[in-house]
Amino acid sequence: MGPSSFSMPSSAERMHWLEMMLLIRTYEEQLAELQTQGAPGTCTCVGQEACAVGVVSALEPRDRILTNHRSAGHLIARGAQVWRLIAEVLGRVDGYCKGHSGSLHISARELGVVLTSTIVGGELSLAPGVALAQKMGQGEPGAITTVFFGDGAACEGIFHEALNLAVQWQLPLLFVCENNQWQAMVHRLETMSEPAISHWARGHGLPVQRVDGNDVEAVYAASRSAVAAIRATGQPQFLELITYRQRGHYEPDDQTYVSAQERAHWLERDPIQLLRARLLDEGGLTEDLWHQMMRAAGEQIATAVAQAQASPWPTAAQLTEHVYA
Amino acid sequence: MGPSSFSMPSSAERMHWLEMMLLIRTYEEQLAELQTQGAPGTCTCVGQEACAVGVVSALEPRDRILTNHRSAGHLIARGAQVWRLIAEVLGRVDGYCKGHSGSLHISARELGVVLTSTIVGGELSLAPGVALAQKMGQGEPGAITTVFFGDGAACEGIFHEALNLAVQWQLPLLFVCENNQWQAMVHRLETMSEPAISHWARGHGLPVQRVDGNDVEAVYAASRSAVAAIRATGQPQFLELITYRQRGHYEPDDQTYVSAQERAHWLERDPIQLLRARLLDEGGLTEDLWHQMMRAAGEQIATAVAQAQASPWPTAAQLTEHVYA
Amino acid sequence: MPNVDPLIYGDTGVARLNVEQAINLALLEEMRRDPRVLIMGEGVATKRPEFIREFGAQRVRNTPLAEAIIMGTAVGAAASGLRPVVDLLFAPFLTYAADALINSAGKLRYLSGGQEQFPLVAMSMTGAGWCVGAQHNHNLEAMFVHTPGLKVVMPSTPADFKGLLKSAIRNLDPVVFFTDLGLLYQEGEVPDDPEFLVPIGQACVLREGADVTLVSYAKTVQTCAQAAVQLEQLGISAEVIDLRSLKPLDTATMLASVRKTGRLVLVQEASGLCGLAAELAAVAASEAFSDLRAPVLRLTGPDAPTASSWALEQAFVPQVEQLVQAVSALVGTPCARLAS
Amino acid sequence: MPNVDPLIYGDTGVARLNVEQAINLALLEEMRRDPRVLIMGEGVATKRPEFIREFGAQRVRNTPLAEAIIMGTAVGAAASGLRPVVDLLFAPFLTYAADALINSAGKLRYLSGGQEQFPLVAMSMTGAGWCVGAQHNHNLEAMFVHTPGLKVVMPSTPADFKGLLKSAIRNLDPVVFFTDLGLLYQEGEVPDDPEFLVPIGQACVLREGADVTLVSYAKTVQTCAQAAVQLEQLGISAEVIDLRSLKPLDTATMLASVRKTGRLVLVQEASGLCGLAAELAAVAASEAFSDLRAPVLRLTGPDAPTASSWALEQAFVPQVEQLVQAVSALVGTPCARLAS
Ligand SMILES: Cc1ncc(C[n+]2csc(CCOP(=O)(O)OP(=O)(O)O)c2C)c(N)n1
Ligand SMILES: Cc1ncc(C[n+]2csc(CCOP(=O)(O)OP(=O)(O)O)c2C)c(N)n1
Ligand SMILES: [Mg+2]
Ligand SMILES: [Mg+2]
């Protein structure tokens, strides 16, 4: 089933995407700012917002999500309460995980987000089991699992094992590789050939789409078709989203190791600017609306920060809670 | 470089291969027999002798070998003293590893056999490092590394990691997958698709040959060309040898889980019978010579068993020797 | 091949089964009781055609040869409502599954602030007996005891194998379940009651005694029991404790015994450094210090990999004679401190 | 970024360096000394452009993100004449490398009957300080102490980092080298002598004392040192020992001290069960039994993963006040046994 079999997203829908991408970016920049004031560093998804919004918009509430250390976009696109995310990053009791997780391991059952893994590949390790449970009747019928991971994770052996299991066991699992060109301080072309990820995936015999990860509409279309195919066939699908990590690996990161040329190339292809320009062009968006949107996002995040900062610290009594059942 | 650029092996050479294959089989059957008398069980390579002889014959003494639990053929083809192999299996001090290894972890530095790994995939884990040392000037110039592993090992994540590293780092490494259709008690088609192994390897972008592993001449030709290419380019190559595990996984194994039809199909394609028929046809071999060969192999093995059985048991003093330098 | 036809039971409510059968009986009963239970592993299904017949191929799964994803899949499935039991075959193969066990199963309940749970069982075998060498035989149970968030079980009798495996499957935490392969074909009486459970975390006093407490688990429990018989002939009364569970560790049972006997000898096949015997000695030196009348002794495997050679494999394991000798010396020695 | 220009040394023969710099200095000196030494890991080369300039890209290697093959490659390279040093970044990532470390590096010398050797170093960081949570911060050094065939090092001062890393690189056995990340930017005097080596397996008495022996390693050595100062004010004289190496474990230094003080308190950040403190307590309860005048105490991290929240991360680690309190109670308590 190709993307053409879906009706194109409405203008309102795409305006909503723009809002969401903007909210994600504002959130990430706010956290980077908080880091400079002493909060724990985070791995921001600045530059990759279209991946998060495009894929998550194609999912339904019954579906399950696993993701990696760069998960804020996925969580926010999934409807996470931003103040509870910030509370978690700050280590407060109102965080989704009571401060146990910090930014790096957030799960939120109410959102169907089973896992943020900061072990690179941990999300790939658990994802087939989540999909297996769906296949075997746990959760809502017809539900699927989506696993987000990076180009770096594709180098880990667990990538190969997870793909093989998903194909052999016919699991309802959508693999989403956000290929952002970097693996911490190592450029991905130091670790693999240009088309490696898709080639590796194709070697497993499942359908693979290679998509411009900075074009939210393209990501959405590819995701819609992949999700529909998984629901129809029960078999896994693979998306490689070509994108770029704009802010570096972990706050703070001066990125002295990144070539200026590469950065410039990708900053010109910023996913938010792309969608914004398109909507301005089409007339659904005006400069005025855009500034309203920016202001709204800024206000929403500022409120969330204040609410998160008001949340209490855990006490030492919590130190050994939730280790065992 | 194709196989055609080598002169065909002489009749004498092929007679020698037949002898070697026969010696390997006689050895394996003898060990199976000893197992019924209380010796430790082994993983025999009966049915896969052409793989061992064909590949190892294409290597030079300066080259290094790593292999897996089904390593007797590789060791014998490499010139191991059979009595010391048997002594090792029996746990005696004259074994290659003083009885520490048994059949499952034999290394023999004097033969350039760095490792037998009985952790499936252990051989793949160490092989790139051995090749890296060669590339960086350790050992003799121009030397390469060969790693033997099974179809099952190709399911382990380390397979993916080893291939990627060998390709990215341009290591002089020959991957030899002996695809014998079985992974202990699991048929490989329960774990992967028919052409999976070659597809996975091709996904890594290195040259792959899929070869009849029961035809020693074909194995030799493919190995010769692969080895020459590695020496010429410094880059890795991949061989998938299609073969069959005739005797089951580990002695004893009644193989009730194997279909009679499958077994029958493969027994008709026995590698020793294939070469024997070919040589009889060509006239280099006679029935008389064949019987002489069989008798010689039997005698050689019988002598080796006696010599091995005369070797002393280790004493408890040896328990903590060679743990640390 | 499992052989657990319930008909083997007579009217007595017990059957004579070996450890392998007891394990299969526990699996069978729990799969009958709870449709969420499934078993996975390399050859798990091949070995159990009758399980497939009864429960279907969905719940009895051969896997690709890939321990990391087998374990990870179990963790993901457990988080999503299933009750997976995975057979990882031999303990050294747990190293491939170590991330899934240690970083996922052990940590994610905590890291999620209690949102997630991981009711699963990871089984494997280890120990001397088959001359298979160090890549199959490595008693590394202490690593998982050290790891937060996991429970660890290592029984010594067929009845305990049944009762503890059933408890493990019903437990809401991940349980690492070790089978000493030297015990696999040992027989014993096993209750046929499908509600026969041995609680995780309870040691058992195998034999009462007054002069010294011998604590062990798995195969070397029998070493202790045999030593106790010989010690009795020397006039020394030994109490023998089988830990059965390694985490939670039933230190109360040990401490109660040490308070009575004043002497403690800890026996394990695993290498000594940072092993279970170390942990128990530390507990005794802290909690029962004033009751101790003699140094706390450990008799353990050496700090060495296990060799394949039968002679060395056997020498690795603590021996009855060694234990008898050590205990006699210990009991014979006047307590230096009291004497001084 | 390393900053180890030898010019930073004055005439004194020592420089003030932090731990990160001390590590880089050790690497630099050993790579100059021995062309077989190479470093590998994710970002190892990116972080060290001046190493690439001096030694070339062959010996300073970024790797794919794949810990299992990084470690396995080091093992294979070590077996073949190289001296690899691998940086695995954070200790929990060692789980992906566990097979190569435990089943290969630790066992293959033995299994080969002494034919093979594996001179390599596996580095990683762990410990509280960065609020990174349990998948980055997990003190699992005891697992590798338990594992036969490996050596384990975990220093606490910049000088020891330099001296022990150099010894590790020269050692013929595989060495697992842990850096407490809480110490990374702490400074200290480091000898500039390129032959300055700290032998693996030697503890160091940081402070002499008469009433109680405090033993620790890594970050909590300072906890002990600070507690000792406070204890002095309470009239209690504490001896402080920094283990530095965890395997081989220098029990002789600890035992000599305990024979003098009669009291032993073991402090570690790692969870307690089957940890180093357990091992040392067991050794004392066996070897120094008659010298012990009080129960052996352990002050350790709890049996829990580490949380990210700063409040919880800090609470995980043994605190000076806790230690002072525990020691005061211990010294104040009359020995029940002597009294009875
Ligand atoms: C097993 C493991 N190895 C290394 C790391 C350190 N690390 C964290 S993120 C990262 C890079 C991941 O790259 P990729 O998968 O491409 O994701 P990205 O960060 O680019 O989103 C590395 C090396 C880790 N967290 N886990
Ligand atoms: C890591 C690991 N997992 C499982 C096993 C048990 N085992 C030994 S051999 C084997 C099958 C290996 O299959 P393959 O790689 O195809 O080699 P073959 O035995 O067919 O020669 C298995 C599952 C093992 N030794 N190591
Ligand atoms: Mg990336
Ligand atoms: Mg096979």
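Residue numbers begin at 1 in each chain, while the letters A, B, ... track the order of the sequences.
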- Query: Which bit of A:F159 is near chain D, if near means a heavy-atom gap under 4.5 Å: side chain, backbone, both or neither?
  - Reply: neither
- Honestly, the part of A:T315 sitting under 4.5 Å from a heavy atom of chain D is backbone
By a 4.5 Å heavy-atom criterion (distance strictly below it), what part of [X] contacts chain A: side chain, backbone, both, or neither?
| X | answer |
| --- | --- |
| D:A134 | backbone |
| D:E67 | both |
| D:V44 | neither |

Do other residues, nucleotides or ligands put more than 12 heavy atoms under 6.0 Å from [X] [atom1]?
| X | atom1 | answer |
| --- | --- | --- |
| A:E110 | CD | yes |
| A:Q261 | CD | no |
| D:W310 | CH2 | no |

- Message: Quick check: do D:L312 and A:W313 have side-chain heavy atoms less than 4.5 Å from each other?
- Response: no
- Task: Kindly indicate whether the side chain of A:L104, heavy atoms from C-beta on, has any atom under 4.5 Å from the side chain of D:H136.
- Result: yes
- Looking at D:A311 and A:P314, what are the two nearest heavy atoms and their distance? CB-O, 3.6 Å
- Item | Distance-minimising heavy-atom pair for D:S308 and A:G102 | OG-CA, 3.2 Å
- Message: Using a 3.5 Å distance criterion without hydrogens, assess whether the side chain of D:T46 forms a donor-acceptor pair with backbone atoms of A:M185.
- Response: yes
- Query: For A:G91, does its backbone N or O pair with a side-chain atom of D:S309 as donor and acceptor, under 3.5 Å?
  - Reply: yes
From [X] [atom1] over to [Y] [atom2], what is the distance, rounded to the nearest 0.5 angstrom?
| X | Y | atom1 | atom2 | result |
| --- | --- | --- | --- | --- |
| A:T118 | D:Q135 | OG1 | CD | 6.5 Å |
| A:E190 | D:R61 | CD | CZ | 11.0 Å |
| A:L319 | D:E313 | CG | CD | 11.0 Å |
| A:M192 | D:L65 | CE | CG | 9.0 Å |

- Task: Give the member of A:V89, A:V93, A:V186, A:D151 that has the highest number of heavy-atom pairs under 4.5 Å with chain D.
- Result: A:V186
- For chain A, find its close neighbours in residues 85-107 of chain D: heavy-atom separation under 4.5 Å, sorted by number, or none. D:P92, D:F93, D:Y96
